[in-house]
There are 2 protein chains.
Amino acid sequence: MVDIARLAGVSTSTVSRALNQSSLVNEETRIRIAELARSLNYSINIGAKNLRLGQNRTVAVVVPYDAQTQQHLSDPFFLSMLGSLADALTEQGLDMLLSRIDAERLDTAAHFYDAGRAIGIILIGQWRHHDQLNELASRRVPVVVWGAQLPQQLYCTVGSDNVHGGFLATEHLLALGRRKIVFFGDTNLPEVAQRFEGYRNALAQNNMEFDPLLCVPVSFIAESAKEAVHDLCRRNVAFDAIFACSDLLAMMAINTLREHNLHVPQDVAVVGYDDIELARYFHPPLTTIGQPIQSAGHALVNSLLSQINGDRVKPQFLPTQLIVRATSKRTALPD
Amino acid sequence: MVDIARLAGVSTSTVSRALNQSSLVNEETRIRIAELARSLNYSINIGAKNLRLGQNRTVAVVVPYDAQTQQHLSDPFFLSMLGSLADALTEQGLDMLLSRIDAERLDTAAHFYDAGRAIGIILIGQWRHHDQLNELASRRVPVVVWGAQLPQQLYCTVGSDNVHGGFLATEHLLALGRRKIVFFGDTNLPEVAQRFEGYRNALAQNNMEFDPLLCVPVSFIAESAKEAVHDLCRRNVAFDAIFACSDLLAMMAINTLREHNLHVPQDVAVVGYDDIELARYFHPPLTTIGQPIQSAGHALVNSLLSQINGDRVKPQFLPTQLIVRATSKRTALPD
DNA sequence: GTGAAAGCGCTAACAT
DNA sequence: ATGTTAGCGCTTTCAC
């Protein structure tokens, strides 16, 4: 900037004002300075500007990385979420600092805020550490979490209506006449627990008893669905439907069923969760529960900004929607 | 920091030194300061530190966004790449600033560098603007591009060996006895053009003539593969194999072939490109060309760092590999 | 309309 | 081993 000032024959104050479109500066000099800056490929140093202004336009987006189950960025659902966030942040003129942290230490996400790197944190997935997130919130670190709303929650979440989603999926399978519906998911994770709650609600509403044998604790990595199916077959568990907590699990389950010579949807109907882009292209096209990813990005960013703005923000639910495709088509049931 | 200094009864210099593990500071006071800092959730302000030191540990990762074809972050391949980059950057203690830019204005990516936000740029995909990238490089903006090596290239690329990949795929199909191999891809894109070159090389090596009818300009969005297949069938073009430039295109093509009652691999063998995670889970499991994504992240980051370090860096090729699965199984050819 | 000077939070000579 | 001081690149009072 000092170079520009010298070349333009003015002081740095004037250059600063010119480059910030101040109305106090002469139109003619402003243009001269602007052109000089462009020809030198000069841009204002954002770091210095932020330091001086005590401001910042960066948001940290943090994807927890589960060392145990290895589900990190592998699920396409995350990618859609990142895309949606990138759009929403760009719209607000915010930059996105992307990072991964150990899912067991969600509290470390605060570092970006403490170190002044970011004005707030968007955490994709809440995993098992409700307590750590509460601690962040009580420290007044601006944070929004994509996940489920839990009792005694101090932090702000945005998430889809998991209970309703689980209910929709199960109700749909029941309406098809399926009676032995397997649930695939790790109920230790809050979101999955809520989907499971919806599953049980649907059963209860249809006066059906819940069979613990049919609830299989499957992590989010695809291989675990494969093993789960093998296991069910090995143990001769009778089932005529699967509700899987992610599309990836559903797809993997379908492929594994095929190995056991079980047909989808004739022998086993399958419903997934997320409605990732590939669900539509899968064979057979996958019935699933859609989450409104586009709104998700905006909702997360808006919540964060309100919070930074000092407003009290409430957890937010986004609607879920049943998308019926071929894996749950009505067919003559095998006996 | 001044607060900590006051509370610890020392000067800010001492606090600074203590927090930076300087050996000049008394062990006892260092511990006292460290504990004070922890209890106050204090972290050094990175912006100020960077300003003072004239350093920076942030790399901008830029994903061009093609307004025309809308391929932005939708391809799972990008996600793997982001994951790989996140790993490689973290390993080096670098932060990742993620953003999307208009694919027609790749030069705007330099802004992050000019504004001091990042020490360099990693661009995922080179698209159509070789010239803009050359301009960046001649301005000495540290930049590495995931893409193809082109003639008269001033910037550094890292990419898979596309020519070889295209060759492998085509050679494989020819070895299966396929004779009318359709190529799906937009040869305006350098990487695709190279895969096409490999395709033609394989044909030439087998003394086969290239039929322009069989080269279909398909963009990277899935829907275009669908239309392309419909179009081929409508025009009664005879073909017995497809080599698609991405797995997504291959999958979509397979689904569309099914609508035309064409069986994969019996009627039409299919080979994709990328080996995305879902390729293995698809039905039938997809034969494809694998790119070493894990090494890709490291290669990109290392190239960038060498460049910043002042070394001359050369474009880098990563090996491609044929992964044979079910969509190209040897079968009795229909006549 | 423009310039001089102070200060954002930090570190590194240079003292002591 | 610790304190003093200057300055990183910028913006913004306060003068003129």
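Computation of the quantities below employed the complete heavy-atom set of this structure, encompassing side-chain atoms and omitting hydrogens, waters and symmetry-equivalent molecules. Below, chain A is the first sequence line, B the second, and so on; all start at residue 1. Computed from a prediction, not measured in an experiment: that's the story for all the values here.
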Measure the distance from CZ on B/Arg52 to P on C/dA12 and round it to the nearest whole Å. 7 Å

Would you please say whether a donor-acceptor pair under 3.5 Å links the side chains of A/Arg312 and A/Ser306? no

Of the residues in residues 17-48 of chain A, which ones touch DNA chain D at a heavy-atom distance under 4.0 Å? A/Arg17, A/Asn20, A/Tyr42, A/Ile44, A/Asn45, A/Ala48

For B/Ser23, is there any backbone N or O sitting under 3.5 Å from a side-chain donor or acceptor partner on B/Arg17? no

Check the side chains of B/Glu91 and B/His298 for a donor-acceptor pair under 3.5 angstrom, ignoring hydrogens and angles. yes

Could you give the side-chain donor-acceptor pairs of residues 140-150 of chain B under 3.5 Å, partners two or more places apart or in another chain?
none

Just the rounded figure in Å: distance from P of D/dG9 to CD1 of A/Ile4. 13 Å

Measure NZ/B/Lys49 against P/C/dC10 and give the value in whole Å, please. 10 Å

Compare the minimum distances between each of C/dA12, C/dG3, D/dT4 and the side chain of B/Leu53, then state the nucleotide with the smallest one. C/dA12

Do any side-chain nitrogens or oxygens of B/Thr14 fall under 4.0 Å of OP1 or OP2 in D/dT2? no

Could you pull out the closest heavy-atom pair between A/Gly125 and A/Pro64, with the gap in Å? O-CG, 3.6 Å

Residues A/Lys49 and A/Asn20: side-chain donor-acceptor under 3.5 angstrom: yes

Return yes if a side-chain donor-acceptor contact under 3.5 Å exists between B/Asn134 and B/Gln153, otherwise no. no

If I take atom CG in residue A/Asn56 and atom P in nucleotide D/dT11, what distance separates them, rounded to the nearest angstrom? 15 Å

C/dT11, OP1 or OP2 - any side-chain N/O from B/Ser13 closer than 4.0 Å? no

Once you build an axis from the first five pairs and another from the last five of the helix from C/dG1-D/dC16 to C/dT16-D/dA1, how far apart in angle are they, to 10 degrees? 40°

How many whole angstroms separate atom CE of A/Met1 from atom C1' of D/dT12? 12 Å

Give B/Val2 one of three labels, base, sugar-phosphate or nothing, depending on what nucleic acid heavy atoms sit under 4.0 Å from its own. nothing

Work out which heavy atom in A/Asp66 is nearest to a heavy atom in A/Ala103; give both atom names and the distance. CA-CB, 4.0 Å

Only one of B/Asn50, B/Thr58, B/Asn45 passes side chain to side chain donor-acceptor pair (under 3.5 Å) with A/Arg117, and that residue is B/Thr58

In whole Å, I'd like the distance from the CG atom of B/Leu51 to the P atom of D/dT11. 12 Å

